[in-house]
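Labels below follow one simple rule: chain letters A, B, ... track the order of the sequence lines, proteins then strands, and each chain is numbered from 1.
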Amino acid sequence: MSDEKPEAEKPETVEQETSGETSEKPKSEPPAAAKSEPPKAASEPPPASKKSEPAPAKKSEPPRAAADGHGHAHDDHAHGDSHDHGLAHTTPVWLLFAILGALLVLTVATVAVTSIDLGAQGNLVVAMIIATVKAALVCTFFMHLLWDKKFNLVLFLTSVLFLILFLSMATTDRGEYQHLVDEYRAQQLQTK
Amino acid sequence: MSEPSTATEGATKASAPPPAAHDHDHGHDDHGHGDAHHEDAIHAANPHLAHHFDTPQQQFDAGKLGIWLFLLTEVLFFAGLFCAYTVYRSMHPEVFVYAHYFLDTKLGALNTCVLLISSLTAAWAVRNAQLAEKGKLMLNIVITIGCACTFMCVKYVEYSHKYHDGLLPGHNFQPKEQIWELDSFRHKHPEAAEYAEKLAKLDEKKNEKAPAAGAAAAKGEEHEEKMERPTEEELEPLIAAGLVGPRSLDPSAHISRPRMAHVFFGIYFFMTGLHGFHVLIGIGVWVWMLLKAMKGQFGPNYFGPIDFTALYWHLVDLIWIYLFPLLYLIH
């Protein structure tokens, strides 16, 4: 659930802090890092407040980041859900199995629906709707797009948009020469 | 990326402070080199953090953006083939109806399930990597590879069937079986299959009576022995599949196959072939990931490679989700 903003700011904040602080108390840094990490991660306010009052945040930042970068990730996601672990969302196992179950059910459904006559294009439309639902499930949960940065979602949707544009442009004039082909065939058959 | 020891994440974390402290002793102190100093500490704690990244988070996000950009190009890559499919199917629906009887829906459905299961294990592997569950991670990768190999084996069975039955693109399209002889057609349209056989016998007789040249003359005689008018159940499926009527290969014959049926197999082999090629590459990358996992490289701060491989794998799955109904489930 992390936004673009806090992450993008991260490197800057780290730089500021360190350049200001290292000269003052260099030796105490690594030990402090290990000790201060767990409580800080829990009590750290969301990034927004850090921005407004940079002074207190400065002191806590470098050691935590120095420790292993783990805590660093925590405050990015502090406003997110409890599944956050490290650099990105961790999907619970039950959810993975639920999605697989849904996908398998939809696969059976799409095979079963083939034997029912739904009109000339009806079967194709239904099959494509089912496929799209399956694709959406895979993207949203297996591919983490639900919890991922929205920019990645935008990127992916852009490619889908261009795919749709491409297909619809190509289909709009697909039959343009068909009557010429048919007439030619008819002539050929007559002359035979 | 990882010259330092390939110990587990836990071990790395534990050993983090000493190297950092060591750096301090050398001290670039006083003169504002704090930046480099601080980064050294982060890098010392994260052996898999490449030197050009500041933090593991930055490295992960950059990698993720990269893989998504790649997936975007992949979608557009396949778009060309989907476009060919769409245009050709909209213009020659009879070819698709005809050709799909040659495809084995059961094998297609089996492959769909196999890929879906491998998608689950891939997504699970990402979770394992995040939580540094080395054993489960390796197991899930192995299952994913196993599913991928199963998929390729089924593909091999399908391809070799098509090869032996002469179902190949272009001039190599020489079907050994007529579709009314296929079980898939017989089950669906029993009356039409029977009627088609009668028509085929008529054509045989015609060819016996008038070999090559006098085909037109023979047509007159036949009219006498023509059977009663076909019912709709008998005729409809044959027209839909382009076996009779103006769109058939030889409209002067009683029954033949649709013109240009080989184009379907061109599209079929290109789409499934390119997809299968992606599966092969996926197997290679998963093996590489398995080797990395065996060295215990993955943990909360370094699971990008697993995540990115899984994303690629899901995309391969996504493409199959569309290919399956488009190629196998034509009504």
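Interatomic distance, W68(B) CH2 to M143(A) CE, rounded to the nearest 0.5 Å: 4.0 Å. Between L72(B) atom CG and F156(A) atom CZ the span is 8.5 Å, to the nearest 0.5 Å. One finds the CG atom of L124(A) at 10.5 Å from the OG atom of S90(B) (value rounded to the nearest 0.5 Å). Note that CG of L71(B) and CG of L155(A) are 9.5 Å apart. Values are rounded to the nearest 0.5 Å.
For a residue to count as touching a neighbouring chain, one of its non-hydrogen atoms must lie under 4.5 Å from one of that chain's; by this rule L116(B) touches chain A with backbone and side chain alike. The contact between T112(B) and chain A is made entirely by side chain atoms (from C-beta outward), counting heavy-atom distances below 4.5 Å. Only the side chain of L145(A) comes within less than 4.5 Å of a heavy atom of chain B; its backbone N, CA, C and O stay farther away. There is no contact between I319(B) and chain A, counting heavy-atom distances below 4.5 Å. Both the backbone and the side chain of L315(B) come within less than 4.5 Å of a heavy atom in chain A.
Between W124(B) and the choices F97(A), W94(A), F142(A), the ring pair (Phe, Tyr, Trp, His ring centres under 6.0 Å) rule is met once, by F97(A).
Between Q57(B) and L87(A), the shortest heavy-atom distance links the atoms NE2-O, 3.3 Å. Considering all non-hydrogen atoms of both residues, L326(B) and M128(A) come closest at CD2-CE, 3.5 Å.
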message: side-chain contact (heavy atoms from CB on, under 4.5 Å), that's the test. Do T90(A) and R127(B) meet it? Break it down for me.
response: CA-CA 6 Å; T90(A) 310; R127(B) 181 190 158 86; 3.4 Å; yes
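In this model, no donor atom of one side chain and acceptor atom of the other lie less than 3.5 Å apart for Y328(B) and T114(A).
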